[in-house]
Amino acid sequence: LGLQAWADMRAQIPASQNAEIQGLVDEVALRLLRTAGEQPADWEVLAFASPEVNAFALPGNKIGVFEGMFEVIGSPDQLAAIVGHEIGHLQADHSRERISAELAKNVGLNVARMALQAGDVAFANEIAAALGLGVEYGLVLPYSRNQELEADRLGLTLMAEAGFRPAEAVELWRRMQAAQSARAPEFLATHPAPETRIQEIEAMLPTLPGASGG
């Protein structure tokens, strides 16, 4: 599925023609992957020609960074925070965990719906739909936010071990916060709000390898 999604992405969005951007992506990714004990040849880290301020990881060791990110990024260390975060997602197998969570949610809701219908409960389908809303906001989305913070920790640790400055991740998210014009409430999002992320990262920094006050 990851490889198919990557192929679809490549077909829809062209690779960046900016040699400086792709060169920086290659340099940072190579350094991080070697530090992580990975074989860089087994990974593909590509800059995409899109103004969107985003990056993503797909199973099959595929990482994409949109050119729009470079309107926000202020240093190679901040790019390392992004790429390290995505490497963390893949090494922690978060995609498989998310699929498992979705399957468990769907099975549970189907069982609840059948039980309501078997009991001839009025508005059975509506109640089941409300249960779905509760599961989505009460389990799946917070679960995704927890994965984001876990990927942050893995990425920050990798940055420190590779000789990048993990404290630059805080500056990255300050820049991200300034670049955002509007945002849904955090509990409706799959990612922590920038201010929450900054607080969490600042708490992680003293615990990283070689930490000495930032």
Side-chain angles (χ1 to χ4, degrees), residues 1-97 147-176 179 191 197 201 204-205 207-212 214:
L1 288 174
L3 295 177
Q4 182 60 54
W6 180 258
D8 292 344
M9 179 72 73
R10 292 292 307 268
Q12 295 171 22
I13 305 176
S16 173
Q17 297 302 305
N18 188 315
E20 183 178 356
I21 285 178
Q22 186 59 55
L24 182 58
V25 169
D26 290 340
E27 179 184 343
V28 168
L30 181 64
R31 189 166 153 188
L32 290 169
L33 289 169
R34 284 176 172 171
T35 301
E38 299 284 348
Q39 292 293 332
D42 296 335
W43 291 66
E44 190 172 3
V45 186
L46 187 66
F48 283 90
S50 168
E52 186 176 347
V53 181
N54 206 352
F56 65 93
L58 290 171
N61 296 342
K62 307 295 186 183
I63 294 174
V65 182
F66 295 140
E67 283 183 343
M69 265 293 189
F70 292 86
E71 298 297 320
V72 177
I73 294 169
S75 69
D77 297 272
Q78 291 174 25
L79 176 59
I82 293 167
V83 176
H85 173 89
E86 302 302 344
I87 292 173
H89 271 313
L90 292 175
Q91 288 194 321
D93 208 11
H94 283 161
S95 295
R96 187 184 303 275
E97 290 180 2
Q147 286 182 333
E148 291 300 315
L149 294 174
E150 182 183 10
D152 278 340
R153 174 172 288 282
L154 293 170
L156 290 170
T157 300
L158 185 55
M159 284 180 70
E161 293 174 345
F164 290 103
R165 295 176 294 170
E168 281 293 294
V170 173
E171 179 59 24
L172 168 68
W173 279 100
R174 287 177 179 150
R175 287 169 169 262
M176 290 286 284
H191 290 58
R197 204 156 205 165
I201 290 173
M204 293 175 191
L205 292 177
T207 71
L208 300 177
S212 57

Asker: Run the side-chain contact (heavy atoms from CB on, under 4.5 Å) check on V170 and L205 step by step: do they pass?
Answerer: CA-CA 10 Å; V170 173; L205 292 177; 4.1 Å; yes

Asker: One thing to verify: whether R10 and E44 come together as a salt bridge, which I'm taking to mean a side-chain N less than 4.0 angstrom from a carboxylate O.
Answerer: yes

Asker: Determine yes or no for a side-chain-to-main-chain donor-acceptor pair under 3.5 angstrom, with R165 supplying the side chain and D77 the backbone.
Answerer: no

Asker: Could you pull out the closest heavy-atom pair between L90 and A57, with the gap in Å?
Answerer: CG-CB, 3.8 Å

Asker: At their closest point, which heavy atom of M69 faces which heavy atom of I82, and how far apart are they?
Answerer: SD-CD1, 3.6 Å

Asker: Quick check: do V45 and D26 have side-chain heavy atoms less than 4.5 Å from each other?
Answerer: no

Asker: Let's go through S16 and E67 carefully: what are the C-alpha distance in whole Å and the side-chain angles of both, what is the deciding distance for side chain to side chain donor-acceptor pair (under 3.5 Å) to 0.1 Å, and is it a yes or a no?
Answerer: CA-CA 7 Å; S16 173; E67 283 183 343; 2.5 Å; yes

Asker: Walk me through it: do Q22 and Q17 pass the test side chain to side chain donor-acceptor pair (under 3.5 Å)?
Answerer: CA-CA 8 Å; Q22 186 59 55; Q17 297 302 305; over 6 Å; no

Asker: Would Q4 and D8 count as a side chain to side chain donor-acceptor pair (under 3.5 Å) if you check the C-alpha gap in whole Å, the side-chain angles of each, and the deciding distance to 0.1 Å?
Answerer: CA-CA 6 Å; Q4 182 60 54; D8 292 344; 2.9 Å; yes

Asker: Applying side-chain contact (heavy atoms from CB on, under 4.5 Å), run through I63 and W6 and close with a yes or a no.
Answerer: CA-CA 9 Å; I63 294 174; W6 180 258; 5.8 Å; no

Asker: So that I can tick it off, tell me whether R31 and E27 are bridged by a salt bridge, with the cut-off set at under 4.0 angstrom between side-chain N and carboxylate O.
Answerer: no

Asker: Determine the minimum heavy-atom distance between V25 and A47, stating which atoms define it.
Answerer: CG2-CB, 4.4 Å

Asker: At their closest point, which heavy atom of F48 faces which heavy atom of G64, and how far apart are they?
Answerer: CE1-CA, 3.8 Å

Asker: Please walk me through it: do E20 and N18 pass side chain to side chain donor-acceptor pair (under 3.5 Å)?
Answerer: CA-CA 5 Å; E20 183 178 356; N18 188 315; 5.5 Å; no

Asker: Output, in order, the C-alpha distance, side-chain angles, deciding distance and verdict of side-chain contact (heavy atoms from CB on, under 4.5 Å) for F56 and H89.
Answerer: CA-CA 9 Å; F56 65 93; H89 271 313; over 6 Å; no

Asker: Please evaluate residues I87 and L154 with respect to the criterion side-chain contact (heavy atoms from CB on, under 4.5 Å), reporting the C-alpha separation (whole Å), side-chain torsions for both, the decisive distance (0.1 Å), and the verdict.
Answerer: CA-CA 8 Å; I87 292 173; L154 293 170; over 6 Å; no

Asker: Do you know which two heavy atoms are closest between Q78 and L172, and how far apart they sit?
Answerer: O-CD2, 3.8 Å

Asker: Taking the side chain as everything from C-beta on, heavy atoms only, tell me whether M204 gets closer than 4.5 Å to T157.
Answerer: no

Asker: Return the minimal non-hydrogen interatomic distance between A49 and I13, and the atom names on each side.
Answerer: O-CG2, 3.9 Å

Asker: L32 and side-chain contact (heavy atoms from CB on, under 4.5 Å): which partner among L30, V28, T35?
Answerer: V28

